[in-house]
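Structure first, then comments.
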Amino acid sequence: MRRTGLFPGSFDPVHYGHLDIAFRAAKLFDHLVIGVYASPEKKNVTFSLEERIEMVQEAVRSYSNIEVLGYSGLTVEFAKKIGASVMVRGLRVFSDFDYEFKMALANQQIRPEIETISLITHHSFMFLSSSMVKEIVANHGDPRNMIPPHVLRRFQAKFFTEKND
Ligand code: ADP
């Protein structure tokens with residue numbers, strides 16, 4: 001039986017902490033879907049769903065068992081729809097635990113047949129987040145050890161070209 005895992009998130013934008021979890025998770029499943037959440041209008045996202053999907057796709061293109069899909073609505077229902085029996089999350093510092101624990105319990109209530117597993121971050125990415133990357137780029141810092149070059153190019157186009165038009 002082909003085992004499918006789902007790694008869901010906003011990926012606004014994808015960074016090396018996400019990719020480390022994705023590549024490790026890809027070894028645990030026959031097929032890993034990275035689910036990019038189509039945040040509701042009111043949630044403040046920097047990149048559109050299409051941009052976020054494209055950036056993840058570009059980053060994982062050498063992995064033949066990883067697929068990138070956008071979704072909206074409840075993550076567990078998306079997992080069910082694509083036939084994923086396990087959802088993968090990444091855990092950083094302690095502050096993630098409370099949120100992840102509550103989410104996993106809520107999802108367990110809705111779809112008890114779908115398990116949530118958490119992979120512990122690589123220590124070099126333990127403080128890395130999309131919002132930190134945005135802060136660094138917006139202030140002309142160097143994020144090259146945090147995001148792949150194609151993501152940096154998107155940032156430059158968005159922050160330093162569009163705004164100057
Ligand atoms: P969210 O689903 O919270 O909107 P993100 O797109 O920021 O999230 O993250 C998606 C998943 O990746 C979450 O499980 C999150 O905990 C995990 N993650 C984010 N940053 C890191 C990191 N630096 N190391 C490991 N996991 C991470």
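All values derive from a computational prediction rather than experimental measurement. Residue numbers start at 1 and run along the sequence shown.
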In terms of heavy-atom contacts, Leu69 and Phe78 come closest through CB-CZ, 4.0 Å
Interatomic distance, CD@Gln57 vs CD@Glu67, rounded to 0.5 Å, equals 9.0 Å
For Glu58, the salt bridge (Lys or Arg N to Asp or Glu O under 4.0 Å) test, sequence neighbours excluded, returns Arg61
In short, Ser129 meets Arg92 closest at the heavy-atom pair CB-NH1, 3.4 Å
Give a yes or no on whether the backbone of Glu77 and the side-chain of Arg111 come within a donor-acceptor separation of less than 3.5 Å.
-> no
Quick note, salt bridge (charged side-chain N to carboxylate O under 4.0 Å, His left out) partners involving residues 119-138, not counting sequence neighbours, are Asp12-Lys134
Linking I/L/V/M/F/W/Y whenever any side-chain heavy atoms sit under 4.5 Å apart, do Ile21 and Val133 land together?
yes
Between Pro13 and Phe155 the two heavy atoms that sit nearest each other are CG-CE1, 3.5 Å
Interatomic distance, CG@Asn44 vs OG@Ser10, rounded to 0.5 Å, equals 11.5 Å
Give the table of side-chain donor-acceptor pairs shorter than 3.5 Å for residues 118-126, with sequence neighbours excluded, one pair per line with atom names and distance.
residue : atom : partner : partner atom : Å
His122  : ND1  : Ser124  : N            : 3.1
His122  : ND1  : Ser124  : OG           : 2.5

Quiz: residues 79-91 side-chain donor-acceptor pairs under 3.5 angstrom, not counting sequence neighbours:
residue : atom : partner : partner atom : Å
Lys80   : NZ   : Glu113  : OE2          : 3.4
Ser85   : OG   : Arg3    : NH1          : 3.4
Arg89   : NE   : Glu100  : OE1          : 2.8
Arg89   : NE   : Glu100  : OE2          : 3.3
Arg89   : NH1  : Pro8    : O            : 2.9
Arg89   : NH2  : Glu100  : OE2          : 2.9

Minimal heavy-atom distance between Ala26 and Leu32, with the atoms involved, is N-CD2, 4.0 Å
Output for pair (Ile34 CD1, Ile53 CD1), nearest 0.5 Å, gives 11.0 Å
- Is there a path from Phe29 to Val60 through hydrophobic residues (I, L, V, M, F, W, Y) whose side chains come within less than 4.5 Å of each other? yes
Q: Evaluate side-chain hydrogen bond (donor to acceptor under 3.5 Å, both in side chains) for Tyr71 paired with Thr75, printing each intermediate quantity in order.
A: CA-CA 8 Å; Tyr71 75 98; Thr75 304; 2.8 Å; yes
Using side-chain heavy atoms (C-beta onward) and a distance below 4.5 Å, is Ile136 in contact with Met132? yes
Does some side-chain heavy atom of Leu19 sit less than 4.5 Å from a side-chain heavy atom of Tyr16? yes
Quick one: do Phe159 and Met146 end up in the same hydrophobic cluster if we chain Ile, Leu, Val, Met, Phe, Trp and Tyr together by side-chain heavy atoms under 4.5 Å apart?
yes
CD (Glu54) and CG (Leu49) are apart, to the nearest 0.5 Å, by 10.0 Å
- [ ] Check the hydrophobic clustering (I, L, V, M, F, W, Y; side-chain heavy atoms under 4.5 Å; chains of links allowed) and say if Val56 and Val33 are grouped together.
- [x] no
Taken in chain and number order and not counting sequence neighbours, the residues that satisfy ring-ring contact (aromatic ring centres under 6.0 Å, His included) with His18 are Phe11, His15
Using the rule that Ile, Leu, Val, Met, Phe, Trp and Tyr join whenever any side-chain heavy atoms are under 4.5 Å apart, tell me whether Val93 and Leu128 fall into a single cluster. yes
Looking only at heavy atoms, the pair that brings Ser72 and Tyr37 closest together is CA-CE1, 4.3 Å
Residue set satisfying ring-ring contact (aromatic ring centres under 6.0 Å, His included) with Phe127, at least two apart, ordered chain then number -> none
Note, Phe7 side chain near Ile66 side chain (heavy atom, < 4.5 Å) | no
On a heavy-atom basis, the closest approach of Val137 and Pro143 is CG2-CG, 3.6 Å
Practice item. Ignoring hydrogens and angles, tell me if any N or O in the side chain of Asp142 forms a donor-acceptor pair with the backbone of Arg144 under 3.5 Å. Key: yes
| field | Flag side-chain contact, heavy atom, 4.5 Å: Asn107 against Ile114 | value | no
Here the gap from Glu50 atom CD to Met55 atom CE, rounded to the nearest 0.5 Å, amounts to 11.0 Å
